[in-house]
Amino acid sequence: MSFTAADHGYMALAIRLAGQGLNTATPNPRVGCVLVKDGEVVGEGWHERAGGPHAEVHALRNAGARARGATAYVSLEPCSHHGRTPPCANALVDAGVVRVVAAMTDPNPQVAGRGIQLLTLAGIRAEVGLLENEARELNIGFVSRMTRGRPWLRLKTASSLDGKTALENGESKWLTGPAARQDVQHWRARACAILTGSGTVLADDPQMNVRLDGASRQPLRVIVDSRLRTPATARILAGGPVLLACAVDDPARRAALEAAGAEVIRLPGPEGRVGLTMLLMELARRGINEVHVEAGATLNGAMLEAGLVDEWVAYMAPLVLGHHARGLFDLPALTDMAGRRGFVLRDAGMVGNDMRLVLRPAST
């Protein structure tokens with residue numbers, strides 16, 4: 001299928017518009033739409049939040065009567081089913097659009113090509129695959145939930161140059177500078193859930209929330225607490241929904257945490273620990289697309305060993321803490337290099353005086 005330079009430009013605009021819903025569209029995908037007629041943009045829109053109009057509807061309203069005879073550039077295949085809103089494919093047909101270019105097919109089994117089929121049957125020229133990689137990256141969590149039955153898990157760490165996260169006595173404030181800590185807030189804001197472990201809760205008493213001016217949504221906070229060690233007075237339990245996953249059955253502790261505002265679920269796994277894969281599947285069932293993890297070496301290691309880390313955002317401060325300081329991952333000792341875990345570097349840059357690396361497992 002051949003696309004023109006103009007097609008590329010309009011689709012790039014649709015994807016940029018989709019990015020406007022980066023922090024708010026969840027659990028729906030981030031989608032942008034551009035309507036073009038006679039070489040002029042006559043309408044544009046993006047999906048802002050679940051339950052609200054989809055990108056195509058915003059663009060059609062923006063265009064009005066000018067939509068008739070136009071081409072629609074959409075970053076995701078228009079939906080063909082009735083959800084919280086009517087099907088967008090039907091809206092495009094009714095508006096008299098003559099051509100639809102979608103960046104990618106919708107991985108949602110309720111759509112999965114049906115939107116394109118509906119458009120084609122209505123006599124509309126429908127094409128798919130323009131800037132597909134860029135569109136997929138924008139919705140990587142939604143794609144993961146639809147195709148793998150679990151969210152995209154993004155692990156964030158902050159360490160010294162020698163891979164240490166804290167001194168031997170636990171002191172860790174502050175390894176990275178204010179610019180890096182502010183940058184982390186943007187990763188939190190785009191996530192559907194922020195996950196940590198009971199060890200971090202006990203050591204640091206964090207809030208694990210989004211602290212950005214104008215933030216309109218707080219992600220679900222998730223605590224992995226196999227033995228229900230989280231105190232009912234923990235700051236993370238205040239200011240928004242909290243899901244606590246445990247492995248034990250302790251009615252008294254459970255009641256205290258529920259009274260403090262947490263929803264407690266029991267997901268027992270091997271060795272008396274929370275079943276992490278089960279937890280991610282449960283989060284997917286709840287519509288969670290992206291999970292942002294900020295935890296200690298034990299949970300970090302367990303996630304990595306279970307093959308659940310999809311992306312690693314590593315902040316490195318220009319410091320050395322030495323051999324006795326605490327490390328990033330608690331993992332079994334390797335007996336040969338064949339057991340090493342490789343990563344592919346996706347991005348590298350400076351954030352203030354610190355380096356930020358974005359990596360993905362080599363096998364992904």
Is [Y] close to [X] at the side-chain level, that is, under 4.5 Å between some pair of heavy atoms?
X      : Y      : result
Glu294 : Thr200 : no
Ile223 : Leu237 : yes
Pro151 : Leu280 : yes
Gln110 : Asn108 : yes
Phe329 : Leu155 : yes
Arg190 : Asn23  : yes
Pro109 : Met146 : yes
Pro318 : Asp354 : yes

Sidechain-backbone polar pair: His47 side chain, Pro53 backbone, donor-acceptor under 3.5 Å: yes
Worked check of side chain to side chain contact (heavy atoms under 4.5 Å, CB included) between Val143 and Ile140: CA-CA 5 Å; Val143 172; Ile140 199 160; 5.6 Å; no
Can you tell me how far [atom2] of [Y] sits from [atom1] of [X], rounded to the nearest 0.5 angstrom?
X      : Y      : atom1 : atom2 : result
Met316 : Leu161 : CE    : CG    : 5.0 Å
Ile15  : Glu134 : CD1   : CD    : 5.5 Å
Gln218 : Arg211 : CD    : CZ    : 9.0 Å
Met278 : Met281 : CE    : CE    : 9.0 Å
Asp213 : Gln185 : CG    : CD    : 10.5 Å
Arg253 : Cys246 : CZ    : SG    : 10.5 Å

Got a sec, which residues hit ring pair (Phe, Tyr, Trp, His ring centres under 6.0 Å) with [X], two or more places apart in sequence or on another chain?
X      : answer
His292 : none
Trp187 : none
Tyr10  : Tyr73

In terms of hydrophobic clusters joined by side-chain contacts under 4.5 Å, are [X] and [Y] together?
X      : Y      : value
Leu220 : Val224 : yes
Leu328 : Tyr315 : no
Ile265 : Leu308 : yes
Val184 : Leu22  : no
Leu279 : Met303 : yes

Side-chain ion pair, Arg99 and Glu127, N-O less than 4.0 Å: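 Yes, charged N to carboxylate O under 4.0 Å.
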Electrostatic pair Arg150-Asp310, nearest N-O below 4.0 angstrom: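 Salt bridge between Arg150 and Asp310, a charged N being under 4.0 Å from a carboxylate O: yes.
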For Arg30, all residues meeting salt bridge (charged side-chain N to carboxylate O under 4.0 Å, His left out), sequence neighbours excluded: Glu290
Please set out all donor-acceptor pairs under 3.5 angstrom arising from side-chain atoms of residues 340-353, sequence neighbours excluded.
from: Arg346; atom 1: NH2; to: Glu137; atom 2: OE2; distance (Å): 3.3
from: Asp347; atom 1: OD2; to: Arg356; atom 2: NH2; distance (Å): 3.4

Distance-only polar pair, side chains of Asp225 and Thr230, donor-acceptor under 3.5 Å: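 Short answer, yes.
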Residue pairs involving residues 260-281 (criterion side chain to side chain donor-acceptor pair (under 3.5 Å); sequence neighbours excluded):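 Applying side chain to side chain donor-acceptor pair (under 3.5 Å) to every pair that reaches into residues 260-281, excluding sequence neighbours, yields Glu263-Arg286.
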